[in-house]
Amino acid sequence: MRMVGALLALHREAAGYTQRSLGERFVVGEQQIASIEQGRRPLKPDLAEQLDELRDTRGALSVALSRMPEVDLVPMWAEEFLDQERAAIAISSYENQVVPGLLQTASYARSVFGSRVPVYGDDEVTQLVEARLERQAILHHKEAPITCFVIWEPVVRAPIGGRGVWTEQLRHLLRCSELPGLMVQVLPLDRSTHASLDGPFVLLETPNISGSPTRRRSAAAS
């Protein structure tokens, strides 16, 4: 991804665009362009084609993208989910393994990624943590989505990362619960049954082309 990102930066600068002006041209945002150029987010095929057309690069970005080895930390299906998440007007989430990614602190996220088997390297963990924190920006937008998080009680009791990291994470959950339009609920351990025994899920409500809402359910990782 870094090679494709560096190629994008080269063509952008040659065309006289800043990251902001290029993002505005394609309605993707300055931060997304920066993330692509830094190799933290993949360049999507449709955007690569548009950029090639803009710069008349004879398909350089599209070809580079098609020849990129499939070793990316964030697979394409997850990127497609994140695109829908960024466009969502409402997000409903149930989690029974870890604190939802949108509500994780940097230290907690690092502990989660650091627990993976097979293990990630330090650089990979850093990239993933940065991407996760960047993703949380949607909660602070002027028109933030309405969000509801239901977390199973064992998740908030598990001291992942150690007591210091765990305490910081619980305090962060309390601060997040004060954000406008955001609700955090804890599902008690003593419930004999509930509607999500088949595992965690995220329900996204996004506007479709006509402007009316469309609901999408995903089992995407937090």
- [ ] Give the C-alpha distance, both sets of side-chain angles, the deciding distance and a yes or no for side-chain contact (heavy atoms from CB on, under 4.5 Å) between E53 and E49.
- [x] CA-CA 6 Å; E53 183 177 349; E49 292 178 4; over 6 Å; no

Task: Pairing residues for E13 by the salt bridge (Lys or Arg N to Asp or Glu O under 4.0 Å) criterion, not counting sequence neighbours - done: none

Task: Listed partners of E30 passing salt bridge (Lys or Arg N to Asp or Glu O under 4.0 Å), at least two apart - done: R20

Who pairs with [X] by side-chain hydrogen bond (donor to acceptor under 3.5 Å, both in side chains), at least two apart in sequence or on another chain?
X    : answer
Q32  : none
S21  : T18
T126 : R110

Between the main-chain N or O of [Y] and the side-chain N or O of [X], is there a donor-acceptor pair closer than 3.5 Å?
X    : Y    : result
Q84  : F81  : no
Q104 : V98  : no
H194 : S196 : yes

Tell me, please, which residues at least two apart from [X] pass side-chain contact (heavy atoms from CB on, under 4.5 Å).
X    : answer
P159 : W166
T105 : S107, Y108, E168, Q169, H172
A9   : R12, E37
H140 : L179

For residues 183-191, tabulate all N or O donor-acceptor pairs below 3.5 Å that involve a side-chain atom, not counting sequence neighbours.
none

Are any of the side-chain heavy atoms of [X] and [Y] separated by less than 4.5 Å?
X    : Y    : answer
V99  : V112 : no
I89  : I146 : no
N96  : I151 : no
L102 : I91  : yes

Task: Criterion side-chain contact (heavy atoms from CB on, under 4.5 Å) on V150 and E95, from CA distance to verdict - done: CA-CA 6 Å; V150 178; E95 182 58 66; over 6 Å; no

Task: F149: partners by ring pair (Phe, Tyr, Trp, His ring centres under 6.0 Å), with sequence neighbours left out - done: none

TODO: Using the six-membered ring of F113, assess whether NZ or CZ of R116 lies under 6.0 Å from its centre and within 45 degrees of the ring axis.
DONE: no

TODO: I would like to know whether E85 and L82 meet side-chain contact (heavy atoms from CB on, under 4.5 Å); could you show each step before the answer?
DONE: CA-CA 5 Å; E85 184 181 71; L82 295 178; 3.7 Å; yes

Task: Reported CG-to-OG distance for the pair L203 and S93, which is rounded to 0.5 angstrom - done: 10.0 Å

Open item on the list: Per the side chain to side chain donor-acceptor pair (under 3.5 Å) rule, what does the pair list look like for residues 145-164, sequence neighbours excluded?
Closed with: E153-R157

